[in-house]
> 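One structure follows; several queries about it will come next.
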Amino acid sequence: MFRINFGEKIFEADAPLSVYDAARGAELPMLGVLAASVGGKTVELTHVLDADADVKLLTFADAEGRHAFWHTTSHVLAQAVKRLFPEVKLAIGPAIEQGFYYDFDVKEPFRPEDLEKIEGEMKKIVKENIRLERFTLPRDEAIAFMEEREEPYKVELIRDLPEGEEISFYRQGDFTDLCAGPHLFSTGAIKAFKLTSATGAYWRGDANNKMLCRVYGVSFPTKDELKEHLDRIEEAKQRDHKKLGREMELFMFHETAPGMPYFLPRGWTLYNALLEYWRGEHRKHDYQEISGPVLSEKQLWVTSGHWDHYQDGMFVIPSDENTTYAMKPMNCPNAINVFRSRQRSYRELPIRYSQTDVIHRKEKSGELNGLFRVQQFHQDDAHIFVEESGIEAEISDIMDIAKTIYGTFGLTYTAELSTRPDDYMGDLDLWNKAEESLKTILTHKFGADGFEINEGDGAFYGPKIDLGMRDCLGRQWQMGTIQLDFQLPLNFDLKYVAEDGSMKRPVMIHRAIFGSMERFIGIITEHFKGQFPFWLAPVEVGVVPIRPDHNDYARRVVAALEDAGIRTDVDYTDQNMKNKIRHHKEQRAPYVLVLGDAEAQNGTVSVNVRGSQSSVRDVPLDGFVRRAAEMKKNHELELESEFR
RNA sequence: GCUGAUGUAGCGCAGUCGGUAGCGCACGUCAUUGGUAAUGACGAGGUCACGGGUUCGAAUCCCGUCAUCAGCUCCA
């Protein structure tokens, strides 16, 4: 006799039985149940229980349930491909965050027409409602099994499985795959699916390996859920910063300078508003801004190590026979030269040089992406020269700045710690101390489970913290970064006079909060869907004189706003007022003021708030200006509801 | 760099079977003088990404290049 605890119900069994049978025995509703969690491990419903167990039934609402659902769909995909194209070799086919994929080794990559054919075959497999059966084989037999089927990738996978690991297979009718599971009971549950794309992907993610054909897809228990999902993706594309950047005239590209953005008047206004705010925050933390040359002679990059380690990423410009210049891919050597420009004392440390110069990094073709991945950009950079004992306090201060700044935009972010790689340089003790400091700070700010650790992923010159954000399609981008550097101070022989009169070497911290101005503008454009908070909007207030004879009053209103530092846009032509309003709305102006006879007479404005259909009449002009200036000064996220 | 897709007016798009290009918005002119998201009429605007090839004839078919997008890889 043993007890199976389903939470609200307990089933007592006297002989081994499947999760499914136990749940039925406990009279639990099984509609929509896809898999189960037994003692924290996800298993299929056919999993046999023979001892006391805590069991949770999983549906599509559970991440593990979705995972099993998508994983089974990937097997259906592979089965369909093998039926249609028997010569195709199978690689791997996991569930991912939003769906699944399967990698195939094919002679000719699948084209969109092929995907339609495959979808058709998948429909048949779903309709056939084939049961999935799990079985295991000893290693030798497992290898023989896949060798017989001429699946070299599967053979390789089996060979690489650790000794002693159970080797499981799943059979569904005429198709069998090596797989750890778990899976659905049958293919019939997959009522709605779509193959979304076919692209290339390297075997085992290594560019030296053969490129396979990866088919992506997504599936749901009902057609409605699939439609909802596809609609959501369509909706997300509406916030694409590349689309909004064009519509709102923020930035553009020209084919003569790939990956090097042109900022248009409205975009540059936004850029400067952003930078002005950033400067204010950094003044509060005792940063001093500097600027340095964009071109430097090769020798500088040889000393810094970039010439050896990063030459492919630099735009190199031969000047004459004797001189070769390179565009700077980063600012650190500038800050270092400023530090070295005179003797330094411990009394001055930490020295914090901020810098937002333009930098250039050559990217391989195919890597560029709107403002997210560019070849010319501006980091909101700073280099801090600090004593070893000051590292922890300094990192903590930087994390505070990041928290404040991201908070102003209402952005959520993730933190990752990258630790010592195998080819590290410098003192092991210092590394350990530094990593401990970083961990302590991250634990303090995010909790013990609030950040990820990438073991061995740090730069050779020091450990780092990366702060990441997601774009409208859910892709993760690195934004802020805090990097400790024990190497450059050595390369450039940096020194300061310590309290005891000896010469000591400072530690350098490279850090950026936005990451790059460009990428950050891309992220917030998508985050706000182009509806920037008041203080950031390229045009804060759109002004609409109803008829040209209201232009005089409109000029007074504009002057009052501009005097208060508020950015306006107004059309004094005899264009129809509805069109003027529409124009401001399309540009997502936070406020549109409509001015006619009544307003001119009473010294008021009619306020239309972004996102609302109606407007508020008879708002006194001076009251509006005062409130607007206040909102701007406070960097308020929300628009004033009083005007709604 | 790799795989796939796309490239037609400023923007969004159509263009069938190969026969010298069209729609909407935006833009210009004129009329309209208005109360909260499109007033009307007329007009101008294109070396169909670029370079080759096939053909009597190419936006359309073929090859190459460039740019852009999705993914892979990379990202100090």
Side-chain angles (χ1 to χ4, degrees), chain A residues 96 101 103 106 108-112 114-115 196-216 237 240 242-243 246-247 249 252-259 304-306 308-310 312-314 329-332 359 361-370 372-375 379 381 418 458-462 464 466 473 475 477-478 481 483 485 487-488 510 512 542 544-550 573-587 589 592-599 606-617:
Chain A
I96 51 177
Y101 69 78
D103 285 348
V106 290
E108 292 288 316
F110 292 132
R111 327 189 95 239
D114 297 322
L115 294 190
T196 47
S197 64
T199 68
Y202 300 106
W203 167 238
R204 303 201 136 176
D206 186 335
N208 297 314
N209 286 341
K210 185 167 184 186
M211 175 156 276
L212 308 172
C213 176
R214 174 171 297 178
V215 178
Y216 284 92
K237 284 184 186 157
D240 187 321
K242 298 180 279 289
K243 178 181 152 69
R246 219 180 358 258
E247 282 176 17
E249 299 187 11
M252 58 171 255
F253 290 91
H254 193 265
E255 60 184 351
T256 52
S304 70
H306 290 98
D308 285 341
H309 288 99
Y310 196 64
D312 288 349
M314 284 200 280
M330 45 206 66
N331 295 308
C332 358
I359 58 178
R361 294 184 188 176
K362 204 184 267 186
E363 296 289 355
K364 286 180 240 160
S365 69
E367 305 288 12
L368 302 179
N369 187 321
F372 287 150
R373 189 79 177 262
V374 287
Q375 300 199 110
Q379 286 184 318
D381 216 352
S418 298
F460 66 92
Y461 53 75
K464 59 173 182 170
D466 288 326
L473 294 176
R475 294 176 296 201
W477 294 93
Q478 186 193 306
T481 185
Q483 307 182 355
D485 185 352
Q487 172 76 43
L488 281 179
H510 311 243
V544 176
I546 292 178
R547 289 192 311 274
D549 48 299
H550 301 123
T573 69
D574 61 355
Q575 173 74 262
N576 185 298
M577 68 163 280
K578 290 198 183 199
N579 281 319
K580 293 183 190 174
I581 293 168
R582 185 157 181 270
H583 171 74
H584 293 310
K585 292 283 188 185
E586 275 173 352
Q587 291 298 325
V592 177
L593 303 185
V594 177
L595 310 175
D597 291 335
E599 287 77 11
S606 170
V607 184
N608 191 314
V609 186
R610 184 174 60 204
S612 97
Q613 294 296 319
S614 58
S615 56
V616 178
R617 306 279 297 262

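Just so you know, these numbers come straight off a predicted model, no measurement behind them.
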> Take A:Val592 and A:Gln587 through the test side chain to side chain contact (heavy atoms under 4.5 Å, CB included) and record every step on the way to the result.
CA-CA 11 Å; A:Val592 177; A:Gln587 291 298 325; over 6 Å; no

> Between A:Leu368 and A:Gln375, which heavy-atom pair has the shortest distance, and what is it?
CD2-CG, 3.5 Å

> What pairs with A:Tyr310 under ring pair (Phe, Tyr, Trp, His ring centres under 6.0 Å), at least two apart in sequence or on another chain?
none

> How would you label the contact of A:His306 with the nucleic acid (heavy atoms, under 4.0 Å): base, sugar-phosphate, or nothing?
base

> Ignoring hydrogens and angles, state whether a donor on the side chain of A:Asp597 or A:His550 is under 3.5 Å from an acceptor on the partner side chain.
yes

> Work out which heavy atom in A:Asn209 is nearest to a heavy atom in A:Tyr202; give both atom names and the distance.
O-CD2, 3.6 Å

> Does B:rC17 have a Watson-Crick or wobble mate here (both distances under 3.5 Å), and if so which one?
none

> Just to be sure I understand the rule, does A:Arg373 reach a base, reach only the sugar-phosphate, or reach nothing, if contact means heavy atoms closer than 4.0 Å?
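Base, at least one base heavy atom under 4.0 Å.
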
> Hey, does A:Glu586 reach any base, or is it just sugar-phosphate, or nothing, if we go heavy atoms under 4.0 Å?
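The answer is nothing, as A:Glu586 stays clear of every strand by at least 4.0 Å.
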
> Take nucleotides 29-35 of chain B nucleotide by nucleotide from the 5' end and write B, S or -, depending on whether a protein heavy atom sits under 4.0 Å from the base, only from the sugar-phosphate, or from neither.
---BBBB

> Tell me whether the side-chain N/O atoms of A:Arg111 come closer than 4.0 Å to OP1 or OP2 in B:rA5.
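Checking A:Arg111 against B:rA5: at least one side-chain N or O falls below 4.0 Å of OP1 or OP2.
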
> Which heavy atom of A:Ser615 sits nearest to which heavy atom of A:Ser606, and what is that distance?
OG-OG, 3.6 Å

> Quick one: is A:Arg246 getting a side-chain N or O under 4.0 Å of the B:rG12 phosphate, OP1 or OP2?
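For B:rG12, OP1/OP2 do have a side-chain N/O of A:Arg246 under 4.0 Å.
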
> Do A:Gln575 and A:Thr573 have side-chain atoms, one donor and one acceptor, less than 3.5 Å apart?
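No, A:Thr573 and A:Gln575 have no side-chain donor paired with an acceptor closer than 3.5 Å.
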
> Report each atom pair, protein N/O against N/O of nucleotides 66-71 of chain B, whose distance is under 3.5 angstrom.
{"residue": "B:rC69", "atom": "OP1", "partner": "A:Gly370", "partner atom": "N", "Å": "2.9"}
{"residue": "B:rC69", "atom": "OP2", "partner": "A:Leu368", "partner atom": "O", "Å": "3.4"}
{"residue": "B:rA70", "atom": "OP1", "partner": "A:Arg475", "partner atom": "NH1", "Å": "3.2"}
{"residue": "B:rA70", "atom": "OP1", "partner": "A:Arg475", "partner atom": "NH2", "Å": "3.1"}
{"residue": "B:rA70", "atom": "OP2", "partner": "A:Asn369", "partner atom": "ND2", "Å": "2.6"}
{"residue": "B:rG71", "atom": "OP2", "partner": "A:Arg475", "partner atom": "NH1", "Å": "2.5"}
{"residue": "B:rG71", "atom": "O3'", "partner": "A:Tyr216", "partner atom": "OH", "Å": "3.2"}
{"residue": "B:rG71", "atom": "O2'", "partner": "A:Thr199", "partner atom": "OG1", "Å": "2.9"}
{"residue": "B:rG71", "atom": "O2'", "partner": "A:Tyr216", "partner atom": "OH", "Å": "3.2"}
{"residue": "B:rG71", "atom": "N2", "partner": "A:Gly200", "partner atom": "O", "Å": "3.4"}

> With no hydrogens and no angle check, is any side-chain donor or acceptor of A:Asp114 less than 3.5 Å from a backbone partner on A:Arg111?
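Confirmed, A:Asp114 side chain pairs with A:Arg111 backbone.
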
> Paired with B:rA49: which nucleotide, if any, by Watson-Crick or G-U wobble criteria at under 3.5 Å for both distances?
B:rU65

> Looking at B:rU33, which nucleotide sits across from it as a Watson-Crick or G-U wobble partner, both distances under 3.5 angstrom, or is there none?
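Partner of B:rU33: none.
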
> Applying a 3.5 Å limit to both distances, which nucleotide forms a Watson-Crick or G-U wobble pair with B:rA44?
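Partner of B:rA44: none.
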
> Within the side chain of A:Lys580, is there an N or O that forms a donor-acceptor pair under 3.5 Å with the backbone of A:Ile546?
no

> Let's test this: given Watson-Crick or G-U wobble pairing with both distances under 3.5 Å, identify the partner of B:rA9.
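Base-paired to nothing in any strand shown.
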
> Does B:rU54 pair with anything, Watson-Crick or G-U wobble, both distances under 3.5 Å, and if so, with which nucleotide?
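No nucleotide pairs with B:rU54.
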
> Going by purine N1 to pyrimidine N3 plus the second Watson-Crick contact, or the G-U wobble pair, all under 3.5 Å, which nucleotide sits opposite B:rC72?
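Here B:rC72 is engaged in a pair, and the nucleotide opposite it is B:rG1.
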
